[in-house]
Amino acid sequence: MDSSITSEPSIQPVLADVAHDHETHDHAGNSMFGFIVFLLSESVIFLSFFAGYTMIKLTTPDWLPPGVEGLEVSAPTINTIVLVSSSFVIYFAERALKQNKLVQFRLLWLLTMAMGTYFLVGQVIEWRGLQFGLTTGIYGGLFYLLTGFHGLHVLIGILLQGLMLGRSLIPNNYANGHVGVDETSLFWHFVDVIWIVLFCLIYLWQ
Amino acid sequence: MIESISIAPEQLKHEPPTGWRRYFGFSTDHKVIGIQYLVTSFAFFLIGGLLSMVMRAELITPESDLLDRSLYNSMFTMHGTIMIFLWIFPSLVGLANYLVPLMIGARDMAFPRLNAVAFWLVPVFGILLMASFFLPGGTAQAGWWSYPPVSTQNPTGNLITGEAVWILAIAISGVSSIMGAVNFVTTIVRMRAPGMTYFRMPAYVWAVLSAQLIQLAALPALTAGAVMLLFDVVAGTAFFDPERGGNPVLFQHFFWFYSHPAVYVMALPAFGIFSEILPVYARKPLFGYKVVAVSSLLISVVSVLVWVHHMYASGTPGWMRMLFMFSTMLVAVPTGVKVFAWVATVWRGKLRLDTPMLFCLGAIMMFVFAGITGVMLASVPVDIHVNNTYFVVGHFHYIVYGTITMAMFAALYHWFPKITGRMYYEGLGKLHFVLAFVGTNLCFLPMHLAGLHGMVRRVSSYDPEFAFSNVLASLGGFLLGMSTLPFILNMVGAWVQGKQAPDNPWRAIGLEWMVSSPPPVENFEELPIVVSGPYGYGKSEPLVSNEAALKPH
């Protein structure tokens, strides 16, 4: 396998093919690879927040601010169900695009965006009904930091989806590949998985 | 068949701007970006160096007489921040930017535009950081690690404090680093030339890959901590405020979970430089190449498991100290493997003591010393004794100056002919080495003594019993400052009117030496087909099967 590799004449054409692949650059492949690397790195921010939350929760005697009983779980549960379902919707949207069903793609894609927006609005309504703020002790800070940082990601996801939807209106834009759509979809799954962990940590483990 | 491969037409149509102008614009050529990084970071290196010389001037006498105490706080905070985030990081990234695509046989980085954006963030946050000198309360004063509760103090009451600007600047630096890391990892994993398997990559590329993986895995922790600190400083949250349920030690965890591995982000490329340069000037293959390559990855794995050794004195329980003492000492194994390999590479070689080799050998000597004091510091009883003293300052300056900056100089001399197409002046280079080597040891060795006797760091006055060590250190510091003058003269003079450099002045083996000096925009006329491993010194096997086709005819 070592130094003798090209002394074999039969391997020469194969190598030339490989060289050609390198020459034309797999831009979509590079882009997807880089995006996955980025998401892995991004997940470490959330892991750090989760670790900090857990550490403080386990070591703080007066965890909840005075007068606060705990968080209401039912509305956030509905929110969670909507967000997690949207991951399936976006999967079918992506599949429709792969099968060149552009109209179906746009409809499902719009539905995903609507579900994401529902989640965000629900989050804001929940925030407005709470008796504690960002600066109310350590609990308020952590609650708003975690939900807010995740909400920011949801917002970015929706904006990216809007961008991809707009691009789908350009004729033949997705005819030769749609790595942007795939990445947006992957990002959405990422945001979803983070939320499931976050929901367990903040709402279920009270 | 191979001859039929040609450059795609769209790659040829945009003629890049030539001459000095392209270095001031938004170029996407990795070589231009590399030089932009190097020159920008060197400018900040000079600023950081001036700050340190002002501090050394203050420390010549035991009394605090030259500077206001809070200005002294600003000085050491900015010195540390500039040297780490604006000199070592960007200069190493710049060198890697220049070399990695050439070394793996690629035409550019995987994401050229992202690369350019990542670079242009450096001057942005650099200027932002400098601007904080003009704020009413001055710059951040909490040291480069910015521990709360010191960092959350706000005596002036302004919303925009030096600390807030500092955090913002570090955040921008972090964004730039993550962009760079994604780019490097993608480039190294996916853009290697045909035949360039992982175990044919130069050890430097392995080191860069390992370092950038650390960035991806650990930098987000600092981002998390910085976001929380910014909220504490600006919005009045209680994350690190113990009176309201917060925990200041949590910040230390976030900070060191990144900032200890960050030491390896800085040191690994320096190790890679040693592994590249030693074989060239010893005319021998790198000893134990595969083990050296893998030890880089091992260092990055172990590096994320050691951070609490910075917190032995932060109320850390005994069992945790034990664990982290053990894991920290474990780092000595892969680094020891490297040092062993370097010594074995040089052993009985035909040494050629040109400037790059001198810098390498000097740096390795100082690295061994820093490694020994590093193991001492990893040991809990010693660390408790010297915690927050000049012993620590001396130790890490042997790493950041004695090892990394010296390695950087070695690299700049070694690849200068390739980068500029000119030869540097050997005499000035040797003068630079002598001044830098003597200066480093004179400046940082006495600090160990003062630290062992209990001289606390980050204070502008000290007990007169430490006066002798401090006078020596200050003289060494000024000598270090002087040592950059022949370097600047050499670099500028040689670039302007140096002798024309051949393509391979050192008779080195490596893809970057097979193209012209400086390399053309697309690096290779035809992509290299790699047929053997690196460092074939003294062997007669070719590195690539199409060497003649790499350069334009």
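Remember, predicted model here, so these are calculated numbers, not experimental data. A, B, ... follow the sequence lines: proteins, then strands. Residue 1 opens every chain.
- One finds the CG atom of Leu250(B) at 8.5 Å from the OG1 atom of Thr59(A) (value rounded to the nearest 0.5 Å).
- Scanning all heavy atoms of the two residues, the minimum distance from Ser41(A) to Pro220(B) falls at O-CG, 3.0 Å.
- Atom CH2 of Trp319(B) is surrounded by 12 or fewer heavy atoms from other residues, nucleotides or ligands within 6.0 Å.
- With respect to chain A, the highest number of heavy-atom pairs below 4.5 Å among Arg244(B), Gln215(B), Glu243(B) belongs to Arg244(B).
- Between the CG atom of Asn247(B) and the CE atom of Met55(A) there is a distance of 4.0 Å, given to the nearest 0.5 Å.
- By the 6.0 Å contact criterion, CD on Glu69(A) is open, its count of non-hydrogen atoms from other residues, nucleotides or ligands being 12 or less.
- With a 6.0 Å radius and a threshold of 12 heavy atoms from other residues, nucleotides or ligands, Glu547(B) has its CD atom at or below the threshold.
- Considering only heavy atoms from C-beta on, Asn30(A) comes within 4.5 Å of Met191(B) through its side chain.
- Residue Phe88(A) places its CZ atom among 12 or fewer non-hydrogen atoms of other residues, nucleotides or ligands, all under 6.0 Å distant.
- Each of Pro61(A), Gly52(A), Ser48(A) has some count of heavy-atom pairs under 4.5 Å with chain B, and the biggest count is that of Ser48(A).
- Note: Phe49(A) CZ to Phe254(B) CZ = 7.0 Å, rounded to the nearest 0.5 Å.
- Interface residue Ala217(B): only backbone heavy atoms are found under 4.5 Å from chain A.
- Of all residues spanning residues 128-161 of chain A, those with a heavy atom less than 4.5 Å away from chain B's heavy atoms are Leu134(A), Thr135(A), Gly137(A), Ile138(A), Gly141(A), Leu142(A), Leu145(A), arranged by number.
- Contacts between residues 179-189 of chain B and chain A, counted as heavy-atom pairs separated by less than 4.5 Å, involve Val182(B), Val185(B), Thr186(B), Val189(B).
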